[in-house]
Structure formats: structure tokens, C-alpha cells
Amino acid sequence: MLEGAVIDRIDRRGKLMAIIGDDGRAIGVHLGMSGQVLWAAAGGRLSTDHVHATWRLDDGSRFVFRDPRRFGGVWMFASRDELPPWQSLGPDALKITPSEFAARLRGAKRPIKAALLDQGLVAGIGNIYADEALHRAGIHPLTQPSSLEPDRLERLGAAVVELLQDAVAVGGSTLRDYRAADGEPGGYQHAHRVYGRSGLECLTCGRGLSTARIAQRTTVWCPGCQECVQPVPDE
DNA sequence: CACGACCCCTGGATGC
DNA sequence: TGCATCCAGGGGTCGT
């Protein structure tokens, strides 16, 4: 893919990466749950199992897309904006103002945790960072978004940005598969305050953390730090 | 249209 | 040691 073209730039919206050639063609890469993009210099070794695509560069280096669970994907299109997943994404969580963030979430009629995971509203927040952001902002995951004062939704938006910046600064969260292109795991998993800690004590107030299934994802929160202003009906 | 249930897939951890 | 079960960073599709 992209034979003969020079890679012009790498774009990203949420969890979707776009490798764009100087002719405008674009390769979309989504890592899903277990995907990796790994690079090796000329003559370097790369794992071969579960490799679904290999790109060779003129300098002899190469990079691969490997993905054991195959929840990820690779697409090739004539332009970035034609990539099917790209079109359906909302604005990137790191490039949105708190007021824009609040405006987009306010209308949702489902638990705020579910809304945070909707990539069409705001792109880039997954299960880990949804739980971590709600804890940072002191908001219960079952809260009805419209019941929150605008400034609380804006504070959540600001918390998302700070959180993602903190996580990116140390290479993200590696639970098992995630690796940077050079094979290095991230370090932010050591900073998680609620995700993966169900049943343990809250690091902020000491109360036992609660767990539930929300939007088909395990959700962990602190019943002491995270106030439920108004839950969605039925919950 | 918005939402939730279900499904896709492999492999690591845990329990018997 | 071996097997069964459960669980995991996501999201497309379909029914309501």
C-alpha cells in the first residue's frame, strides 16, 4: 500500500491513525484491543506471528501491523477524509475546548460513561480513560449528562484533556499488548486510580471502589468521590 | 435518530 | 498437567 509515494504526514483522530502520502492517498490504522504498529531498522528483527500487513521503506527499514485478536484494522483510501471510520468520528478529545465538549455531551440520554465511550460524540476516550476522567472530575458514571451543570461538564472535558496529556507523556497504558512503535510499553497503568482496581480502596478517600457493567464495559468508580447528581432512569 | 444487546477473536489468568 | 470458564485498551451491526 502506498507504493511509490512519499509519506507526507501522520494524522490522528481519536484512536484512528492516518498515514498520508504526498499523493493524498491515506492508510488508516486502528489498533482495536490488541493491535500494534512496530518498526525496525534495516536488518532488524520483527515478530512475524499475527502480522497482517508489512510496509517496506526505501531506507530498508520496515513496519508491520500485528493484531492477535483482529479487532483492529487497516484501510487504504484515495484520501484521508474518505476513510470510512474517519468520517464517523467526532472531534478529537485533545483538540476540543471544554465548552465544545460539554455541548456535545449534554444532549445524551444515557449514562455519562456510555456517552464518553461514543466515538461519534468525542473521539479518543476508551474504557480506561473514561473511568479515570470521571474519577478526576468527581462524577458518578451513571449520571444523566443533562443533569450536570454546564461548568461540571466543562470540568470533565478539562479533566479528559489533562488525563490524556498525562498518559501520553509516559507512553500510554499497557495492560498486555500495547507497545509503542519501538516496542516499549507505556507507563500510565501505574497511575490508574480506579481502572483495574475494583474492590480495592480509593486512593483518594479510602472507601471501597464499586464495579458495574455500563455500556457493556466494566466500570469502576469511588462511591465517596464520585457524586451521582441524577442517574439515568431505570438505573 | 439514539440507544442497548450482541457479536467478532485470541490468549492469559484462574479454578477445578 | 489438563481442561473449562471468564475476562480484556473496541466498535460494527441490528433490533427496538
Side-chain angles (χ1 to χ4, degrees), chain A residues 12-18 28-38 47-53 65-75 83-90 92-94 103-135 141-146 160 163-181 183-200 209 211-220 231-235:
Chain A
R12 181 193 62 78
R13 185 185 287 183
K15 306 169 195 171
L16 181 65
M17 168 169 51
V29 179
H30 196 300
L31 300 182
M33 297 274 266
S34 60
Q36 303 172 328
V37 171
L38 300 170
S47 59
T48 55
D49 58 326
H50 301 296
V51 167
H52 307 300
F65 173 69
R66 72 180 294 269
D67 184 14
R69 287 180 73 180
R70 290 184 276 151
F71 281 5
V74 175
W75 302 263
L83 288 168
W86 191 277
Q87 299 171 336
S88 62
L89 294 172
D92 188 273
L94 277 170
R104 295 188 70 87
L105 288 194
R106 193 162 41 219
K109 293 185 172 60
R110 46 185 160 156
I112 192 157
K113 165 70 184 279
L116 280 176
L117 293 176
D118 187 338
Q119 304 299 300
L121 288 178
V122 175
I125 305 166
N127 199 39
I128 293 175
Y129 301 116
D131 280 6
E132 294 296 322
L134 288 169
H135 184 261
L142 287 174
T143 304
Q144 170 89 4
S146 62
V160 166
L163 172 69
L164 293 178
Q165 288 174 341
D166 288 351
V168 168
V170 294
S173 302
T174 296
L175 305 185
R176 171 169 302 145
D177 301 298
Y178 174 73
R179 293 292 184 278
E184 285 297 305
Y188 199 72
Q189 63 277 11
H190 303 301
H192 294 169
R193 298 185 73 78
V194 286
Y195 179 85
R197 302 191 66 251
S198 64
L200 302 177
L209 298 177
T211 306
R213 198 102 177 138
I214 302 175
Q216 284 72 246
R217 295 281 181 265
T218 296
T219 302
V220 185
V232 291
D234 271 341
E235 299 283 359

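Each chain gets a letter, A, B and so on, in the order its sequence line appears, and its residues count up from 1.
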At a cut-off of 3.5 Å, list every protein nitrogen or oxygen paired with a nitrogen or oxygen from nucleotides 1-3 of chain B, distance to 0.1 Å.
residue, atom, partner, partner atom, Å
B:dC3, OP1, A:Lys109, N, 2.7
B:dC3, OP2, A:Arg110, NE, 3.3
B:dC3, OP2, A:Arg110, NH2, 3.2

Q | Donor-acceptor under 3.5 Å (A:Asp131 side chain, A:Val220 main chain) | A | yes
**Q.** Nucleotide nearest A:Phe71 (side chain, heavy atoms from C-beta), chosen from B:dC6, C:dG10, B:dA13
**A.** C:dG10
(Q) If you compare every side-chain N and O of A:Arg69 against the phosphate oxygens of C:dG11 (OP1, OP2), does one of them come in below 4.0 Å? (A) no
**Q.** Strand DNA chain C as a dot-bracket string - pairs counted if Watson-Crick or G-U with both distances under 3.5 Å, | where the partner lies in another strand
**A.** .|||||||.|||||||
Q. To the nearest Å, how far apart are A:Gln216 CD and C:dT13 P?
A. 17 Å
Q: Could you tell me the separation between the CZ atom of A:Arg213 and the C1' atom of B:dA5, rounded to a whole number of Å?
A: 11 Å
Q. After noting the C-alpha distance and the side-chain angles of A:Asn127 and A:Lys113, does the key distance pass the side-chain contact (heavy atoms from CB on, under 4.5 Å) rule?
A. CA-CA 9 Å; A:Asn127 199 39; A:Lys113 165 70 184 279; 2.8 Å; yes
Q: Would you please confirm or rule out a distance under 4.0 Å between OP1 or OP2 of B:dG11 and any side-chain N or O of A:His50?
A: yes
Q | Among C:dG11, B:dC9, B:dG4, the one nearest A:Gln119 by side-chain distance | A | C:dG11
(Q) For A:Thr218 and A:Arg213, which I'm curious about, is there any donor-acceptor pair between the side chains at under 3.5 Å? (A) yes
Q: Give a yes/no on whether any side-chain N or O of A:Arg70 is located under 4.0 angstrom from OP1 or OP2 of B:dT10.
A: yes
Q. Under a 4.5 Å cut-off applied to non-hydrogen side-chain atoms, are A:Leu116 and A:Leu105 in contact?
A. yes
Q) Using the ring of each side chain (for Trp, its six-membered ring), is A:His192 parallel, tilted or perpendicular to A:Tyr129, with breaks at 30° and 60°? A) perpendicular
Q: Take the protein atom CG of A:Leu175 and the nucleotide atom C1' of B:dT10, then report the distance between them rounded to whole Å.
A: 16 Å
Q) Looking only at side-chain N and O atoms, does A:Thr218 come under 4.0 Å of OP1 or OP2 in C:dA8? A) yes
Q. Counting only distance, no hydrogens or angles, is the base of C:dG11 paired donor-acceptor with the side chain of A:Arg217 under 3.5 Å?
A. yes
Q. Counting only side-chain N and O atoms of A:Lys15, is one of them less than 4.0 Å from OP1 or OP2 of C:dG10?
A. yes
**Q.** Under 3.5 Å: donor-acceptor pair, side chain of A:Glu132, backbone of A:Arg193
**A.** yes
Q. Looking only at heavy atoms, what is the nearest atom pair of A:Val29 and A:Val37, with distance?
A. CG1-CG2, 3.9 Å
**Q.** A:Asp177 CG to C:dC7 C1', straight-line distance once rounded to whole Å
**A.** 13 Å
Q. Whole Å only: how far is the CG atom of A:Leu117 from the C1' atom of C:dG12?
A. 15 Å
Q. Where the side chain of A:Gln119 meets the backbone of A:Gly124, is there a donor-acceptor pair that is under 3.5 Å apart?
A. yes
Q | Nearest-Å distance once atom P is located in both C:dC14 and B:dC9 | A | 16 Å
Q. Rounded to whole angstrom units, what separation is found between the CG atom of A:Leu16 and the C1' atom of C:dG9?
A. 16 Å
(Q) Please report the distance, rounded to the nearest Å, between CE in A:Met33 and P in B:dC7. (A) 16 Å
Q) Quick one, which residues of residues 125-133 of chain A touch DNA chain C with a heavy atom under 4.0 Å? A) A:Gly126, A:Asn127, A:Ile128
**Q.** Shortest non-hydrogen contact between A:Trp75 and A:Leu83, atoms and distance
**A.** CB-CD2, 3.9 Å
(Q) Would the distance check show the side chain of A:Thr219 and the main-chain N or O of A:Arg217 forming a donor-acceptor pair, the cut-off being under 3.5 Å? (A) yes
Q: Decide, yes or no, whether a salt bridge links A:Arg110 with A:Asp118 under the criterion of side-chain N to carboxylate O below 4.0 Å.
A: yes
(Q) Let's see if you can work this out: which of C:dG10, B:dG4, B:dA5 has an atom nearest to the side-chain heavy atoms of A:Ala114? (A) B:dG4
Q.
Please classify the glycosidic conformation of C:dG10 as syn (within 90° of 0) or anti (everything else).
A. anti
Q) Taking only side-chain nitrogens and oxygens of A:His30, does any of them come within less than 4.0 Å of OP1 or OP2 of C:dG11? A) yes
Q) Do A:His52 and A:Arg70 touch side chain to side chain, with heavy atoms closer than 4.5 Å? A) yes
Q.
Expressed as a whole number of angstroms, how long is the span from A:Arg197:CZ to C:dC7:P?
A. 20 Å
Q. What are the two closest heavy atoms between A:Gly199 and A:Thr211, and how far apart are they?
A. N-OG1, 4.5 Å
